[in-house]
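These notes concern the structure reproduced below.
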Amino acid sequence: MALTLRSSTFFLNLKDIKTLKTLDVDFPATICFAQIKSTTRRLRAKSSIQDAELAHEKMISPFEGMYDAQKEKFHALSSGHQTQNNSKVPVYVMLPLDTVTMGGHLNKPKAMNASLMALKSAGVEGVMVDVWWGLVEKDGPSKYNWEGYVELVNMVQKHGLTLQAVMSFHQCGGNVGDSCSIPLPPWVLEEISRNPDIVYTDRSGRRNPEYISLGCDSLPVLRGRTPVQVYSDFMRSFRQRFKNYLGDVIVEIQVGMGPCGELRYPSYPESNGTWKFPGIGEFQCYDKYMRASLEASADANGKTDWGKSGPHDSGQYNQFPEDTGFFRRDGTWDTDYGRFFMEWYSGKLLEHGDRILGSADSIFRGTGAKLSGKVAGIHWHYKTRSHAAELTAGYYNTRHSDGYLPIARMLAKHDVVFNFTCMEMRDNEQPQHANCSPEGLVRQVKLAVKAAGIELAGENALERYDGGAYGQVLTTSRSDSGNGLCAFTFLRLNKRLFEAENWRQLVNFVRSMSEGGRVMLPEIDSSTTDLYVRFVDHKMKRLKEDKEAVLV
């Protein structure tokens, strides 16, 4: 089926057609978009996606024999224009998690090349990619293999796009949206097997290998280096390898600070069914390093008994606040002990972020690349007094405490963009029993970011392609309350995105964001687009044997 961009931005002259061959079955066989030219050309088959030289020949108009009314309707699309204004919100698209293979090579380069070409035609600013610690430093301490990412960066540059690079110091696998498995480097896993306390641990003694525990940030537990030193050496090597691209092609470095790259504890792990939405999660403070820190903090406060363990009444992963003594309406969270524990637990998370971002700031300062840090959008149980799910994740956000202003101020210290999720969610879409309020949460974060004087960037938390989700992002991108968005990154590039209806929605959304996110622009008449789809389908029958991808 032909993939068509149904927007007046792109159907400017349908006599101008390019062809491109792709043999990759993981992306649709046909991608269509318009080029803005004045000459007429004819379809010509190309034998390889790597040969981008395109012939200019005369072709028969696809409108021959159509009624005049249909022709007028179709060509009316070319009269659209874009208004330039200073409130444009650039849109990025996340690349697949397995963009670089375990062998260190770019995965499916032909399909990636075609996809980047299509994204550029849609007006997308650039793409985001996870730079996996588990891939790059796989072969041993300080042995880095950047070559798959070099190939990607060159391809991004060739298409006139820019790149957001995520320093992903976490494991891929076991969380929402994880479609592949990329563990931590093998030599790190060996250290974990020798000393299991270097990963997060819950009250039952369950170890979580997603990310190294922040309790040992400053201890030489990774073959003579501290975790923060290892992350810093990784980022320093990245800077050296990509110094000629930073600030130009690579415009942003998102620094991973926890599971899923987010500044949080792994309080709601989905692997093996441990946690399910909307459970409150569990505190992750039971490795020996975290327990030693808690004990020292309690002693310093003259409350030795408070340092023996985490809360005994905080429940289990899949319980609700009212099922527990700690999180219920008038629970332990609102006592002197509860406040002490939460200040310590959330304070350790802030210190962790401060250490890593301080290092990243010193490494990338002067390169021209922005730094960003990601915070999770934990919107379930937001309407309760205790905000239990946020507390277990390390965000001390309750009826009496703003959990996001301290984070925003910590990010501001290093001039880091606050990246936040769940921008596409509405309160009325959530199950009532979960006491969700993604809209209220986003409003609170926007106010915190404004107070801290830094920029806010957004992502969608779940894979969605509908107009309602896009409309909500457009609403939250504005600065009606607190900060507007400086950028938005869409989750994620895959086959579904290139389905005709989903692609039409994306194109319309990107153009609306370029207009400042004020309103969704009028959609293109589907009957008009169908005329073109039928024309391309007819032409594709003649090219089917060659598996051509038609780029219009």
Side-chain angles (χ1 to χ4, degrees), residues 94 97-100 102 104 128-146 148-149 164-175 178 180-192 198-200 207-223 225-239 241-242 252-266 269 284 287 289 348-364 369 371-376 393-394 411 414 416 419:
M94 294 184 202
L97 294 168
D98 61 351
T99 290
V100 173
M102 291 300 290
M128 172 183 277
V129 69
D130 286 280
V131 181
W132 294 106
W133 180 29
L135 294 182
V136 174
E137 204 174 352
K138 176 171 64 73
D139 295 332
S142 302
K143 295 179 180 178
Y144 306 106
N145 178 7
W146 300 108
Y149 292 101
Q164 298 170 318
V166 184
M167 302 291 101
S168 295
F169 300 117
H170 62 285
Q171 165 191 289
C172 178
N175 279 295
D178 285 352
C180 64
S181 176
I182 304 173
L184 301 186
W187 61 273
V188 174
L189 296 179
E190 289 177 12
E191 296 305 307
I192 294 172
I198 68 176
V199 297
Y200 288 116
R207 310 286 188 178
N208 190 324
E210 286 184 67
Y211 187 78
I212 301 297
S213 169
L214 62 81
C216 56
D217 269 357
S218 303
L219 300 173
V221 296
L222 297 178
R223 302 204 181 173
R225 291 185 295 168
T226 71
V228 174
Q229 285 175 334
V230 171
Y231 304 149
S232 299
D233 290 344
F234 183 94
M235 290 187 286
R236 199 171 290 110
S237 176
F238 179 89
R239 181 199 65 191
R241 184 64 183 85
F242 294 96
E252 181 181 324
I253 306 293
Q254 187 175 113
V255 184
M257 295 176 283
C260 295
E262 298 166 335
L263 179 64
R264 65 172 176 88
Y265 293 98
Q284 306 291 310
D287 63 77
Y289 305 107
K348 292 288 289 183
L349 190 66
L350 285 170
E351 289 172 7
H352 175 66
D354 188 45
R355 287 190 196 100
I356 297 178
L357 291 177
S359 178
D361 185 21
S362 66
I363 291 167
F364 292 108
L371 290 181
S372 68
K374 187 176 177 182
V375 176
L411 297 178
H414 306 290
V416 173
N419 187 280

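Quick note: numbers below take in every heavy atom, side chains included, and nothing from hydrogens, waters or symmetry partners.
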Test V100 against V129 for side chain to side chain contact (heavy atoms under 4.5 Å, CB included), laying out the working first. CA-CA 9 Å; V100 173; V129 69; 5.6 Å; no

For V375 and N419, run side chain to side chain contact (heavy atoms under 4.5 Å, CB included): C-alpha distance rounded to whole Å, both residues' side-chain angles, the deciding distance at 0.1 Å, then the answer. CA-CA 6 Å; V375 176; N419 187 280; over 6 Å; no

Step by step, work out the side chain to side chain contact (heavy atoms under 4.5 Å, CB included) result for I182 and D130. CA-CA 11 Å; I182 304 173; D130 286 280; over 6 Å; no

Yes or no on side chain to side chain contact (heavy atoms under 4.5 Å, CB included) for C180 and C172, after CA distance, side-chain angles and deciding distance? CA-CA 7 Å; C180 64; C172 178; 3.8 Å; yes

Before giving the answer on ring-ring contact (aromatic ring centres under 6.0 Å, His included), spell out for F242 and F238 the whole-Å C-alpha distance, their side-chain angles and the decisive distance to 0.1 Å. CA-CA 6 Å; F242 294 96; F238 179 89; 4.6 Å; yes

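Two rings, from F169 and W132, have their centers 6.0 Å or more apart.
Here the side chains of K374 and Q254 are in contact, with some heavy-atom distance below 4.5 Å. Proximity of D217 to Y289: side-chain heavy atoms (C-beta onward) are nowhere separated by under 4.5 Å. For the pair T226/C216, no side-chain contact is recorded, criterion being any heavy-atom separation below 4.5 Å from C-beta on. Contact check for W146 versus V131: side-chain heavy atoms found under the 4.5 Å cut-off. Using a 4.5 Å heavy-atom threshold, the side chains of M257 and L214 count as separate. Residues D361 and L371 meet the side-chain proximity criterion, which asks for heavy atoms closer than 4.5 Å. Counting only heavy atoms from C-beta outward, the side chains of P227 and L222 approach each other to under 4.5 Å. Looking at heavy atoms from C-beta onward, T99 lies out of side-chain contact with Y149 at the 4.5 angstrom threshold.
Note that the OH atom of Y231 and the CG atom of D233 stand 12.0 Å from one another [nearest 0.5 Å]. Residue I356 holds its CD1 atom at 8.0 Å from OG of S232, rounded to the nearest 0.5 Å. Rounding to the nearest 0.5 Å places NZ of K138 at 6.0 Å from CE of M102. Between atom CD1 of residue I363 and atom CZ of residue R236 there is a gap of 4.5 Å, rounded to the nearest 0.5 Å. Taken to the nearest 0.5 Å, the CD atom of E262 stands 5.0 Å off from the SG atom of C260.
Counting only distance, with no hydrogens or angles, the side chain of S237 and the backbone of F234 share no donor-acceptor pair below 3.5 Å.
Across H414 and G358, no two heavy atoms sit closer than the pair CE1-CA, 3.4 Å.
Here E137 pairs with R225 in a salt bridge; the nearest charged N to carboxylate O distance falls below 4.0 Å.
Between the side chains of S213 and D287, a donor-acceptor pair is found at a separation under 3.5 Å.
The aromatic rings of Y200 and Y211 lie parallel to each other, their planes meeting at an angle below 30°, with 60° marking the opposite boundary.
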